[in-house]
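Each remark here refers to the structure printed beneath this line.
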Amino acid sequence: MKQRFTATFLLLALLLALAGCASYTPEPLDPAAQQAALQQRRLDDPGLHRYIRGTDAGGETAAWPPASWDLPLLTLTALYYQPDIDRAGARRLAAEAAVISAGGRPNPTADVSSEHSANPPEDISPWTNGISLQLPIETAGKRPLRIDTAQARARAAQLREVDTLWQVRSRVRATLLASYPQETALQQQRDLQRQITAILQRRLDAGYASRPELTRAQLDLDSTTLSLGEARKARAENLAHLAAAVGLPAAALDDVQISYDSFARLPAPQTLPDAQARQLALLNRADVLAALADYEAAQSDLQLEIARQYPDLNIGPGYLWDQGERKWTLDLSLLAPLLNRNRGPIAEARAQRQVAAAAFLSAQAEAIAELDTALTGYRHAAQILRDAEALLQRQQHNEQATGTAFRAGEADRLDWLSARYETAAAEQARTRALIEANRSLGQLEDALRLPLGADASAALSTPYAK
């Protein structure tokens with residue numbers, strides 16, 4: 001009877017335990033299918049349309065696909081497609097799952113025993129049956145400390161996901177800027193230089209020009225032709241880099257109108273955030289806050305290792321049916337810390353806390369250095385751009401005056417072509433200065449983790465907050 005009761009009790013306990021078990025569902029990866037899916041990504045994808053339409057920045061996008069793709073739209077596309085965001089989100093989920101593991105309590109252990117006596121006394125059962133539970137009890141607050149450590153690491157993972165969003169936006173902006181078209185002015189210079197060279201060739205044939213003049217003109221033509229070819233090659237490569245930054249195959253940008261209006265307007269240096277706002281931005285940088293969360297995790301981990309030098313308890317209440325006699329038992333056990341007081345793990349945790357502190361200090365110092373460098377660079381780049389624009393205006397006035405003189409017969413065609421060539425060269429110089437100023441502005445935005453250009457109102461949101 002006692003054996004039947006014991007077996008029934010164990011069966012019920014086993015069924016209850018199995019009822020709450022999770023099941024495994026395999027999710028194999030198919031590299032060929034994933035590669036095909038990556039190659040089929042397009043800007044006119046309906047899922048991308050729904051995603052952009054559901055954001056604050058893309059709510060006004062009525063026509064689909066848009067007539068042109070600017071920095072905000074390309075950034076939203078990258079947030080939809082870029083696998084780096086999926087990886088950061090997966091790491092966050094893993095860190096959040098670790099909080100559940102840290103909060104788990106140790107399960108009790110059930111022991112069942114049965115003995116048979118070969119020579120029992122008369123009228124006494126030969127069986128001795130018993131059941132006992134081992135109830136582990138954690139001491140010194142180990143469980144709350146484990147939870148604190150896991151929560152700090154989860155906060156670090158969440159902050160790094162936010163920083164990944166910014167890094168994706170930064171790469172899109174940098175590659176979009178690198179693909180800024182410069183061929184128009186170079187092509188105009190080449191065409192004008194061809195005409196200048198042809199005029200000098202005719203004058204040389206007529207005896208009105210010298211060979212060195214023609215040679216210099218031919219060298220200028222060759223140099224401009226090479227520069228145009230290099231510019232076309234660089235733009236094709238940078239468009240491929242832009243597609244990769246967005247998370248698309250290079251072919252997805254073929255025949256797509258790209259807008260560079262975000263780079264046309266630059267904030268004046270005096271309109272940049274003041275010192276107090278910049279200091280606040282540095283303190284709230286996601287990567288700096290993630291380093292601080294790492295330090296908090298290391299701090300809690302050290303506390304946990306110190307707590308582990310105090311042993312846990314095991315309480316074992318039990319019931320024994322000993323050849324007809326009912327007996328209650330109570331065991332108490334603990335690990336005696338005689339030879340090892342957890343000194344090694346404590347020393348490791350203390351060293352890891354020092355590593356985390358140094359990493360946080362390094363992150364802060366790097367952020368300050370980035371800001372100082374970017375501020376200095378942007379101020380100088382903005383001044384260079386103003387000088388290039390002034391030079392272009394003067395050259396345009398000179399071209400107009402030369403054109404007026406040419407039409408009045410007071411200047412020849414070579415003078416007019418030369419003036420037009422100088423204007424095209426000044427336009428090219430102004431474009432290079434604009435690109436460099438925007439590059440410096442991008443470095444400043446990266447230092448502050450804050451948009452400052454024409455798309456300053458465009459905000460980034462974490463995927464899990466949607």
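The shown structure was predicted, so the numbers you read here are calculated from the model rather than taken from an experiment. Quick note: numbers below take in every heavy atom, side chains included, and nothing from hydrogens, waters or symmetry partners.
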Check against side chain to side chain contact (heavy atoms under 4.5 Å, CB included), I258 and L239: CA-CA 10 Å; I258 297 177; L239 284 175; 3.8 Å; yes
Do [X] and [Y] come within less than 4.5 Å of each other through their side chains, counting heavy atoms only?
X: Q188; Y: T184; result: no
X: Y295; Y: S300; result: no
X: N107; Y: P136; result: no
X: S262; Y: P72; result: yes
X: Q443; Y: Y378; result: no
X: T224; Y: Q187; result: no

Salt bridge check: are [X] and [Y] linked by an N-O gap of less than 4.0 Å?
X: E230; Y: K233; value: no
X: R432; Y: E436; value: no
X: R232; Y: E183; value: no

Shortest non-hydrogen contact between [X] and [Y], atoms and distance:
X: L242; Y: V172; answer: CD1-O, 3.8 Å
X: L135; Y: P108; answer: CD2-CB, 3.4 Å
X: I346; Y: E305; answer: CG1-O, 3.5 Å
X: F263; Y: L434; answer: O-CD1, 3.4 Å
X: A252; Y: L43; answer: O-CD1, 4.0 Å
X: A243; Y: A250; answer: CB-CA, 3.8 Å

Taking only residues two or more places apart in sequence, or in another chain, which ones meet [X] in a side chain to side chain contact (heavy atoms under 4.5 Å, CB included)?
X: T373; result: none
X: Q383; result: R386, D387
X: A185; result: E427, Q428
X: R87; result: D84, R91

Out of curiosity, [X] [atom1] to [Y] [atom2], how far, rounded to the nearest 0.5 Å?
X: S132; Y: I315; atom1: OG; atom2: CD1; answer: 13.5 Å
X: L391; Y: Q396; atom1: CG; atom2: CD; answer: 10.0 Å
X: L165; Y: T75; atom1: CG; atom2: OG1; answer: 11.0 Å
X: R430; Y: Q393; atom1: CZ; atom2: CD; answer: 10.0 Å
X: S259; Y: D70; atom1: OG; atom2: CG; answer: 5.5 Å
X: E445; Y: L448; atom1: CD; atom2: CG; answer: 8.5 Å

With S170 via side chain to side chain donor-acceptor pair (under 3.5 Å) - residues at least two apart: D446
Donor-acceptor check, side chain of [X] to backbone of [Y], threshold 3.5 angstrom: yes or no?
X: H380; Y: T376; answer: yes
X: N238; Y: A178; answer: yes
X: N342; Y: P345; answer: no
X: S223; Y: L219; answer: no

Test side chain to side chain contact (heavy atoms under 4.5 Å, CB included) applied to L332 and N314, step by step: CA-CA 6 Å; L332 180 64; N314 284 290; over 6 Å; no
Which donor-acceptor pairs under 3.5 Å do side chains of residues 31-42 form with protein atoms, sequence neighbours excluded?
from	atom 1	to	atom 2	distance (Å)
R41	NH1	Y81	O	3.0
R41	NH1	G247	O	2.9
R42	NH1	Q39	O	3.1

Which residues share a ring-ring contact (aromatic ring centres under 6.0 Å, His included) with Y80, sequence neighbours left out: Y51
Under the ring-ring contact (aromatic ring centres under 6.0 Å, His included) test, residues paired with Y180 that sit two or more places apart: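 With sequence neighbours excluded, Y180 shows a ring-ring contact (aromatic ring centres under 6.0 Å, His included) to Y260, given in chain and number order.
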Chi angles and distances behind the side chain to side chain contact (heavy atoms under 4.5 Å, CB included) call for E96, Q158: CA-CA 9 Å; E96 291 174 350; Q158 292 168 359; 3.0 Å; yes
Listed once per pair and sorted, the ring-ring contact (aromatic ring centres under 6.0 Å, His included) pairs that draw on residues 325-371, sequence neighbours left out: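 Non-adjacent pairs meeting ring-ring contact (aromatic ring centres under 6.0 Å, His included): Y319-W328.
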Exercise answer: donor-acceptor pairs, residues 140-154 side-chain atoms, under 3.5 Å, sequence neighbours excluded:
from	atom 1	to	atom 2	distance (Å)
K142	NZ	T139	O	3.0
K142	NZ	T139	OG1	3.1
K142	NZ	A307	O	3.4
K142	NZ	Y310	O	2.8
K142	NZ	D312	OD1	2.8
R143	NE	G103	O	2.7
R143	NH2	G103	O	2.9
R146	NE	A102	O	3.2
R146	NH1	E138	OE2	2.6
R146	NH2	A102	O	3.2
R146	NH2	G104	O	3.3
R146	NH2	E138	OE1	3.4
T149	OG1	L145	O	3.0
T149	OG1	D301	N	3.4

Do any side-chain atoms of residues 275-294 form donor-acceptor pairs under 3.5 angstrom with protein atoms, and if so which ones, sequence neighbours left out?
from	atom 1	to	atom 2	distance (Å)
R278	NH1	P273	O	2.5
N284	ND2	L280	O	2.7
R285	NE	D287	OD1	3.0
R285	NH1	E370	OE1	3.0
R285	NH1	A447	O	2.9
R285	NH2	D287	OD2	2.6
D287	OD2	R449	NH2	3.3
D294	OD1	R160	NH1	3.4
D294	OD2	R160	NH1	3.2
D294	OD2	R160	NH2	2.4

Salt bridge (Lys or Arg N to Asp or Glu O under 4.0 Å) contacts touching residues 330-356 (sequence neighbours left out): none
Donor-acceptor side-chain pairing of D111 and Q134 below 3.5 angstrom: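 No, no side-chain donor-acceptor contact under 3.5 Å.
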Intermediate values then yes/no, side chain to side chain contact (heavy atoms under 4.5 Å, CB included), L177 and R173: CA-CA 6 Å; L177 178 61; R173 186 188 186 280; 4.3 Å; yes
